[in-house]
Amino acid sequence: SPRYIREVNDTLAYVSHLYTTILDRINPLTGEKYSPVEIGYSSEQMEVIDDKMYIVLSTFPNGKIGVFDLGTESLVDSISLEHYPGGMVKDKNDNLWIVTSEFQGASKLYKIDPGTISIELEFTFGVADPITNIGIDPTGDNIYYGVGNSRVYKTQVDQNTLEDMPVIEDDEITSIYGIAVRDNGNIYVCDSKNFSQEGSVLEYNETGVRLADIPAGIGPNSIVFAEY
């Protein structure tokens, strides 16, 4: 049940799992698999900051971010959140931005300072317009987050408030399941189409004009931009 992969260096990456409580350890260059690490929780997204890795731990219905020491390969701390995390990114200042939600209830956006393991900012979204997913640009200057089924907002990470106007508003989007931003400013939205059919990846320019509709498989969620 692999979920996400996070590279630590040229020879080590961790793979999270939804239905087991281990992190797999692999060599990202050769594909060699090392012995796994037991962490006591199933896990999802991961972000590396200095000598720690921050892991979304599966503690449904509540949320928890685990602090994993890369030297000892063990959990050494955690921070509890009100709802279950659905997305996490790291900004240019090494702060974490995390989207959480409760089933058919409120959702929240948190800004967390990993150095103090504390919540710096917290924004609540209503049931009618939940925050759905989050992405960040390559420089770590701006977060992009979905609200409802059809809108994406952009906010600078140094702001203490959120923007009022969406950068993308497209009623043809069914369900925002992932967001990515390229270094040219183009924004990519993964539309899961409620998992009822094959999804698609929608490409927009930085002002929100749609450029392409790229067919994808069931439940597209993450995008990696190849370097040539």
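For reference, positions follow the sequence shown, starting with 1.
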Side chains of [X] and [Y], heavy atoms from C-beta outward: is any pair under 4.5 Å?
X	Y	result
Glu198	Ile218	yes
Glu7	Asp10	yes
Met88	Ile134	no
Glu203	Ile187	no
Val147	Pro166	no
Leu81	Ile112	yes
Ser58	Leu18	yes
Val8	Leu70	yes

Discussion item. Just checking Phe123 against Tyr110, ring centres under 6.0 Å apart?
Written reply: no
Discussion item. Under 6.0 Å between ring centres: does that hold for Tyr188 and Tyr204?
Written reply: no
Worksheet item: Strictly by modelled atom types, are Ser196 and Asn194 linked by a side-chain donor-acceptor pair under 3.5 Å?
Response: no
Worksheet item: Out of His17, Glu38, Glu73, Met53, which one pairs with Leu23 under the side-chain contact (heavy atoms from CB on, under 4.5 Å) rule?
Response: Met53
Might you point out which heavy atoms bring [X] and [Y] nearest each other, and give the distance in Å?
X	Y	result
Ser192	Pro220	CA-CD, 4.1 Å
Phe125	Pro130	CB-CA, 4.2 Å
Cys190	Ser222	SG-N, 4.2 Å
Pro85	Gly63	CD-CA, 3.5 Å
Ile49	Lys90	CG1-CD, 3.4 Å
Ile22	Ser43	O-OG, 4.4 Å

Look up atom [atom1] in [X] and atom [atom2] in [Y], then write down how far apart they are to the nearest 0.5 Å.
X	Y	atom1	atom2	value
Ser16	Arg3	OG	CZ	7.5 Å
Glu82	Asn62	CD	CG	8.5 Å
Lys111	Asn95	NZ	CG	5.0 Å
Thr155	Asn160	OG1	CG	11.5 Å
Leu202	Ile179	CG	CD1	11.5 Å
Phe68	Ile55	CZ	CD1	5.5 Å

Please list every donor-acceptor pair under 3.5 Å in which a side-chain atom of residues 205-214 meets a protein atom from a residue at least two apart or in another chain.
from, atom 1, to, atom 2, distance (Å)
Asn205, OD1, Thr207, N, 3.0
Asn205, OD1, Thr207, OG1, 2.8
Asn205, OD1, Gly208, N, 3.1
Asn205, OD1, Val209, N, 2.9
Arg210, NE, Asp170, OD2, 3.1
Arg210, NH2, Asp170, OD1, 3.4
Arg210, NH2, Asp170, OD2, 2.7
Arg210, NH2, Glu172, OE1, 3.2

Less than 4.0 angstrom from a charged side-chain N to a carboxylate O is my criterion; do [X] and [Y] meet it?
X	Y	result
Glu47	Arg6	yes
Asp129	Arg151	yes
Asp158	Lys92	yes
Glu163	Lys154	no
Asp50	Lys52	no

Just by distance, do the side chain of [X] and the backbone of [Y] share a donor-acceptor pair under 3.5 Å?
X	Y	value
Asp191	Ser175	yes
Ser107	Ile131	yes
Asp113	Ile117	no

[X]-[Y] co-clustered via ILVMFWY side chain contacts under 4.5 Å:
X	Y	result
Val67	Tyr41	no
Ile143	Phe225	no
Tyr54	Ile136	no
Leu109	Val157	yes
Ile176	Tyr145	no

Discussion item. Between Ile119 and Ile79, is the side-chain contact (heavy atoms from CB on, under 4.5 Å) condition met? List the steps.
Written reply: CA-CA 9 Å; Ile119 296 171; Ile79 182 170; 3.9 Å; yes
Worksheet item: When you look at Asp137 and Tyr144, which way does the side chain to side chain donor-acceptor pair (under 3.5 Å) test go after all the steps?
Response: CA-CA 8 Å; Asp137 61 18; Tyr144 293 74; 4.7 Å; no
Practice prompt. Begin with the C-alpha distance, continue with both residues' side-chain angles, and end with the deciding distance and a verdict on side-chain contact (heavy atoms from CB on, under 4.5 Å) for Val56 and Met46.
Written response: CA-CA 6 Å; Val56 173; Met46 301 165 286; over 6 Å; no
Worksheet item: Which is it for Tyr14 and Tyr4 under the ring pair (Phe, Tyr, Trp, His ring centres under 6.0 Å) test, yes or no, and what are the steps along the way?
Response: CA-CA 8 Å; Tyr14 290 92; Tyr4 295 91; over 10 Å; no
